[in-house]
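Fair warning: this is a prediction, and the values are worked out from it, not measured in the lab. Every chain is numbered from 1 and lettered A, B, ... according to where its sequence line falls, protein lines coming before strand lines.
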Number of protein chains: 2
Amino acid sequence: MRIGELAARAGTTTRTLRYYESRGLLPARRAGNGYRTYDESDLRLLRQIRTLQDFGFDLEETRPFVECLRAGHPEGDSCPASLAVYRRKLDELDSLIGQLSGVRDTVARQLARAELAAEAEAPGGPEPQCELGGDW
Amino acid sequence: MRIGELAARAGTTTRTLRYYESRGLLPARRAGNGYRTYDESDLRLLRQIRTLQDFGFDLEETRPFVECLRAGHPEGDSCPASLAVYRRKLDELDSLIGQLSGVRDTVARQLARAELAAEAEAPGGPEPQCELGGDW
DNA sequence: TGTTGCCTTGACGCCAGGGGCAAGGATTAC
DNA sequence: GTAATCCTTGCCCCTGGCGTCAAGGCAACA
């Protein structure tokens with residue numbers, strides 16, 4: 001199959017496939033006319049890449065999975081290098097989520113404080129909000 | 001005060017201050033010789049920007065806070081536009097944290113599954129890990 | 001008078017992951 | 001025959017927030 005068909009079947013673009021090839025991630029055979037040629041196994045590699053990318057893995061992090069599949073393993077994560085990437089990613093995610101949660105709480109506190117200050121500055125203002133019900 | 005001093009006092013660089021100016025975020029007066037001139041209130045604006053940047057706000061999101069201070073309000077978040085940014089950021093953070101948590105759990109499951117498969121494939125292998133204790 | 005040291009503008013680089021276009025060759029359909 | 005698709009390579013563009021020169025001007029101190 002040629003590049004357009006592979007791209008269509010994987011739900012991506014030819015530009016992306018050429019980019020992966022330029023990174024050495026998904027090299028293609030060439031037909032006599034210079035056209036890139038792919039087979040079903042390439043589709044499998046490509047799907048592995050896209051799945052991990054959807055998880056937020058960057059391209060380099062998908063490399064061990066791709067090489068694992070190319071080496072004949074049944075799954076991209078059947079190799080130690082892939083497991084190492086999983087573990088590192090898990091740590092990264094935990095750290096990032098922790099950080100973001102901290103920021104989230106800080107922002108929430110700032111918001112609450114600023115809202116209180118605004119309400120104090122505009123007493124009996126335009127937003128009584130929830131007291132004693134509205135007109136419904 | 002000139003640009004180098006302001007940068008030093010805010011813990012940032014002159015390049016950064018010129019960049020902010022190019023974005024219209026922190027314009028400077030000019031001395032007769034063309035040098036940028038700042039005062040204490042600029043330092044305050046700059047600190048507001050840096051604080052929000054540290055929270056992961058991008059530059060444009062800091063603009064309402066800066067304008068609020070410049071308008072004479074005691075705090076950068078004393079204005080409705082700033083509160084709106086807080087709320088939007090809070091939503092973004094919640095959404096992002098939720099997404100990342102989902103990915104985290106997926107990766108964790110994949111890792112556990114792949115580790116089990118690897119162990120099944122190498123029975124009595126090199127990592128008995130926690131059963132019946134080691135040599136200690 | 002030189003030599004630092006700060007200042008000015010302008011311009012390119014960088015990171016990822018491609019988008020988009022140009023100029024041309026190959027193939028296929030009618 | 002020729003028009004419509006496909007394919008090729010190569011090149012510049014984009015985002016954010018600056019870093020890093022480069023070439024030159026201004027100020028202060030010895």
message = Starting the side chain at C-beta, find the nucleotide from C/dC7, C/dG18, D/dT9 nearest to B/T14.
response = C/dC7
key: Selected nucleotide, minimal atom distance to B/Q53 side chain, candidates D/dG25, D/dG17, C/dT8   = D/dG17
key: Heavy-atom closest contact (B/T62 atom, B/L52 atom, distance)   = CG2-CB, 3.8 Å
request  = Can you see which heavy atom on A/D77 is nearest to which on B/Q110, and at what distance?
outcome  = OD2-OE1, 3.6 Å
query = Is it true that the NZ or CZ of B/K89 lies under 6.0 Å from the centre of B/F57's six-membered ring and within 45 degrees of the ring axis?
reply = yes
ask   = Checking all strands, does B/R23 fall into the base, sugar-phosphate, or nothing category for heavy-atom contacts under 4.0 angstrom?
value = nothing
query = Touch check for B/R2, heavy atoms < 4.0 angstrom, all strands: base, sugar-phosphate only, or nothing?
reply = sugar-phosphate
Rounded to the nearest Å, what distance is computed from the [atom1] atom of residue [X] to the [atom2] atom of nucleotide [N]?
| X | N | atom1 | atom2 | result |
| --- | --- | --- | --- | --- |
| B/L17 | C/dC7 | CG | P | 10 Å |
| B/Y35 | D/dA28 | OH | C1' | 11 Å |
| A/R15 | C/dG17 | CZ | P | 13 Å |
| A/I3 | C/dG18 | CD1 | C1' | 13 Å |
| B/E61 | D/dG16 | CD | C1' | 12 Å |
| A/Y20 | C/dG19 | OH | P | 9 Å |
| B/R18 | D/dC18 | CZ | P | 14 Å |
| A/L59 | C/dG17 | CG | P | 4 Å |

request  = Determine whether any donor atom in the side chain of B/Y19 lies under 3.5 Å from an acceptor atom in the base of D/dG16, or the reverse, and answer yes or no.
outcome  = no
task = Examine the base of D/dT8 for any acceptor or donor lying under 3.5 Å from a partner atom in the side chain of A/R36, and report the outcome as yes or no.
result = no
inquiry  = Below the 4.0 Å mark, does C/dT27 have OP1 or OP2 next to a side-chain nitrogen or oxygen of A/N33?
reply    = yes
ask   = Does A/T12 make a side-chain N or O approach to OP1 or OP2 of C/dG17 shorter than 4.0 Å?
value = no
ask   = Salt bridge check: are B/R44 and B/E40 linked by an N-O gap of less than 4.0 Å?
value = no
ask   = Are the charged groups of A/E21 and A/R30 less than 4.0 angstrom apart, N to O?
value = yes
query = Between B/T37 and A/T13, which is nearer to the 5' end of DNA chain C once each is assigned its nearest nucleotide?
reply = B/T37
